[in-house]
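Written out below as structure tokens is the structure these notes cover.
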Amino acid sequence: MSRSLRSEPGHPMSPQDSNMTNNAPAQEPAKRLHFALVGAPNAGKSTLFHALTRARTKIANFPGVTVDVVRGEVKLPDQTLDISDLPGAYSLDPISPDEEISARFIRGELTKSRRPDAVMVVIDATTLSRSFPLVFEVLALGLPTLLVLTMTDELQARGGGIQTGILSRKLGIPVVGVVGHRGIGVDELKGFLSKPEDWPRTSLDPGATPEERFSLGDTILSECLTEPRKKNTSTDRLDRILLHRILGPIIFFALMFVFFQAMFSWAEAPMSWLESLIGLIADGVNAVVPSGFLRSLLVDGVIAGVGGVIVFIPQIALVLLMIHFLEGVGYMARAAFAVDRLMGWMGLEGRCFVSLLSSYACAIPGIMATRSVPDPRSRLATILVAPFMTCSARLPVYTLLISGFVPDKQFFGIVNLRGTVFFSLYLLGAVSAVLAAAVLKRGMIRGKSLPFVMELPPYRLPRISVTLRQVWWGVRAFLKKAGSMILMASIILWVLLSYPKPENMDSVNEDNGTTLAEEASTPTEEPASGVDSESLSRSKVLEGSYAATIGRAIEPALAPLGFDWKIGVGLIGSLAAREVVVATLAQIYAVQEEEEEEEDAPNLAARMAREINPKTGKPVYDLATVLSLLVFFVYSLQCISTLAVMRRETNGYKWPTLAFFSMLAIAYVASLITYQVASRCL
Amino acid sequence: MDPSASRSWSVNTQAEMTSVMKSSETTVLSQLPVGKTAKVVSVTLEGTYGKRLRIMGFIAGTYVSVVRCAPLQDPREYELRGTRICLRNEEARHVQVIAI
Ligand SMILES: Nc1nc2c(ncn2[C@@H]2O[C@H](COP(=O)(O)OP(=O)(O)OP(=O)(O)O)[C@@H](O)[C@H]2O)c(=O)[nH]1
Ligand SMILES: [Mg+2]
């Protein structure tokens with residue numbers, strides 16, 4: 001609802017105005033026309049919306065993709081129009097929150113948005129015969145209405161056809177056939193948009209019950225529709241395998257397993273390019289900025305911190321690609337169908353599972369997606385457990401720890417230990433989420449679940465451009481976060497890690513803002529003694545820094561989990577966003593860098609592996625600590641943005657607060673058990 | 001059961017409906033075996049969800065066929081009016097049909 005912008009018109013020629021002119025001046029010439037796209041879920045509204053406006057909107061092949069009003073504008077030669085893409089709805093008598101948004105929007109009941117001047121009812125031409133209840137419900141509203149038939153290409157491919165002229169005459173309203181993703185028919189449609197008040201209005205009695213509306217529709221269709229001769233055979237064939245009782249789950253898990261195996265090797269090359277690029281930038285800064293405060297801030301703080309997180313973009317992009325492919329092809333609805341029974345035992349339903357799967361990209365769209373779940377209690381349970389799903393913010397943490405500390409072992413030639421651990425973490429997140437939802441639904445928010453009615457769309461090959469665009473949006477969101485929240489956290493951490501300067505060190509530190517990159521670029525120039533005194537000073541600063549004080553204060557609580565104060569500082573930072581832990585560790589170990597002198601700047605994981613616990617003389621990051629840290633990140637809810645969305649979707653602070661603290665507690669206990677067991681057994 | 005209905009996926013007239021009723025037995029949708037087709041007689045579910053089933057096309061005279069059941073038997077996938085819809089048996093129990 002946040003995006004259901006108010007639509008006071010701006011000046012027709014200055015589109016940017018539309019969002020800002022709250023109280024449009026009285027002399028404003030003409031109101032901008034406002035159209036709404038209404039239709040059943042998965043009818044192709046967002047595809048058409050994109051073809052008309054080029055605005056950002058998510059497109060995928062399952063019902064319930066759009067869950068909020070999305071605004072865009074169409075530029076005609078003589079004017080600019082507002083168009084709103086609405087969530088799919090089978091009826092204006094809503095059963096789920098997303099349908100309710102559409103129903104209220106079109107009646108002008110949403111406080112933040114203007115009622116549309118005209119409606120485009122978007123109907124999938126291959127399912128025309130079931131679409132009449134909605135068409136007549138919209139006609140009964142009395143607004144100028146136009147019928148858009150999408151998927152006319154699929155209807156034709158299956159040997160069917162529709163005579164739009166006859167349909168238009170019978171209904172008494174304009175009818176336009178389109179192929180949304182190819183832009184066919186879009187110009188004809190635009191031709192209608194300039195004068196909705198001139199559209200013919202229907203003279204039919206729209207009826208009152210579904211039965212009346214269906215029979216009216218059936219009569220009309222008998223004169224203009226040629227039923228498709230062929231069934232969608234490829235969908236049937238695929239479903240016979242993918243929804244097979246035994247083969248289906250096996251194939252799904254096998255594919256996911258292979259994906260996570262492959263992801264590691266695919267991401268390797270682009271990741272090392274990014275690492276070198278960031279190394280070059282650091283070298284550049286070192287060459288240009290004189291040694292001292294500013295250089296240290298830029299290189300040890302910003303570049304080490306933000307750069308340390310950005311190198312994980314290849315993994316993030318690959319996971320997003322996989323999820324958007326599954327969504328685009330139509331697999332999500334099958335997954336919901338296949339697991340609905342399992343979910344039913346826990347008081348949930350299949351659609352909750354789709355929301356959880358979408359949370360693999362990011363918990364926020366996952367939480368939003370629960371708007372298509374009719375039962376409020378199931379919806380709440382799903383919102384609360386969505387953060388257990390392995391979102392892409394966890395990827396940097398997992399990748400860093402796994403690639404650094406899990407041996408690169410190969411079994412049977414194809415199974416890689418790292419890939420397997422990775423896959424297990426994803427599985428652990430999903431299993432935990434479902435179990436937690438079951439506990440919630442059985443305990444706190446108990447109640448009988450509502451019926452489950454869901455449409456299964458045919459499989460469709462997603463357009464490469466659409467899928468890539470959606471991957472890019474995800475990567476861009478990550479970059480934005482790196483440039484804002486992670487950047488801020490890195491700067492704050494740099495201050496906390498570099499101050500206060502020990503008094504007797506002041507003179508040494510003034511001219512020795514030494515950095516990893518500098519060391520690496522001039523490995524032989526410094527005499528060994530110089531390195532010694534320098535590294536000594538750097539370590540001293542770190543040991544006496546504010547961050548160390550804070551970290552040591554919480555160290556007793558974290559020691560049983562196998563964490564030292566440095567990890568503790570990372571965990572505190574990561575409460576804002578999970579990636580910050582990587583940025584923190586990158587900074588801490590960049591500061592300590594001078595202790596080594598190597599040809600290659602060793603990467604972060606290698607530096608961490610060399611860290612020795614002064615008390616025991618053993619490595620800090622032994623397998624038990626690494627596993628414990630991984631488990632901590634599986635469970636804890638370290639993401640301010642997710643909490644904010646939770647608050648908005650549940651209308652209050654109660655549930656996000658509860659989720660935050662209970663997940664923190666679960667993370668603590670799970671890590672404790674992991675470390676205590678692992679350190680004894682391994 | 002409007003007499004004006006004349007599409008291939010629905011039964012046309014009251015008379016035809018009665019003749020169908022005589023020739024076959026009524027059952028509920030959840031009992032219909034996979035692969036079989038039936039005609040809807042009525043939806044006995046009350047309230048919003050009953051109405052929703054009718055809006056989705058489960059109205060008297062519409063042909064419904066059972067496409068498959070989910071790996072754990074429930075829910076099942078049905079085809080009607082050119083679309084595929086899945087229903088739990090719990091709800092499908094409330095759809096009266098005549099097997100053909
Ligand atoms: N063949 C074909 N596919 C289309 C057409 N329009 C949309 N699609 C596909 O249909 C699927 C659904 O499209 P969307 O635009 O996301 O549908 P929607 O109506 O916005 O769906 P919700 O947001 O869930 O209500 C996608 O896989 C599209 O690629 C069309 O004209 N022809
Ligand atoms: Mg949409």
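First the proteins, then the strands, lettered A, B, ... as listed; each starts at 1.
Here A/M343 contributes atom CE and B/L72 contributes atom CG; the two are 12.5 Å apart, rounded to the nearest 0.5 Å. Between the CD1 atom of B/I85 and the OG1 atom of A/T127 there is a distance of 9.0 Å, given to the nearest 0.5 Å. A/I95 CD1 to B/K51 NZ: the interatomic distance, rounded to the nearest 0.5 Å, is 11.5 Å. Of the inter-residue distances, the one linking B/M56 atom CE with A/Y90 atom OH reads 4.5 Å to the nearest 0.5 angstrom.
Remark: the backbone N or O of A/S129 is paired with a side-chain donor or acceptor of B/R81 at under 3.5 angstrom. In terms of modelled atom types and a separation under 3.5 Å, the side chain of A/R245 and the main chain of B/Q73 share no donor-acceptor contact.
Within the 4.5 Å cutoff, no side-chain heavy atoms of B/I59 are placed close to those of A/R213.
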Q: Test side chain to side chain contact (heavy atoms under 4.5 Å, CB included) on B/N89 and A/R341 and set out the steps.
A: CA-CA 10 Å; B/N89 292 340; A/R341 183 75 274 231; over 6 Å; no
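Both the backbone and the side chain of B/E77 come within less than 4.5 Å of a heavy atom in chain A. Using a 4.5 Å cut-off between heavy atoms, B/R68 touches chain A through backbone and side chain atoms alike. Using a 4.5 Å cut-off between heavy atoms, B/L53 touches chain A through its side chain atoms alone. Within the 4.5 angstrom heavy-atom criterion, atoms from both the backbone and the side chain of A/D93 approach chain B. Proximity to chain B involves both the backbone and the side chain of A/S91, based on heavy atoms less than 4.5 angstrom apart. There is no contact between A/I246 and chain B, counting heavy-atom distances below 4.5 Å.
Here the closest heavy-atom approach between residue A/P210 and residue B/I55 is recorded as CG-CG1, 3.8 Å. Nearest heavy atom pair, residue B/Y49 against residue A/P374, reads OH-CB, 3.1 Å. In terms of heavy atoms, A/D340 sits closest to B/P75 at OD2-CD, 3.5 Å. Minimum interatomic distance between A/A338 and B/P71 (heavy atoms only, all atoms of both residues): CA-CD, 3.8 Å. In terms of heavy atoms, A/F214 sits closest to B/G57 at CZ-CA, 3.4 Å.
A/E349 and B/R88 are not joined by a salt bridge, as no carboxylate oxygen comes within less than 4.0 angstrom of a charged side-chain nitrogen.
Chain B forms the most heavy-atom pairs under 4.5 Å with one residue out of A/D124, A/D239, A/V339, and that residue is A/D239.
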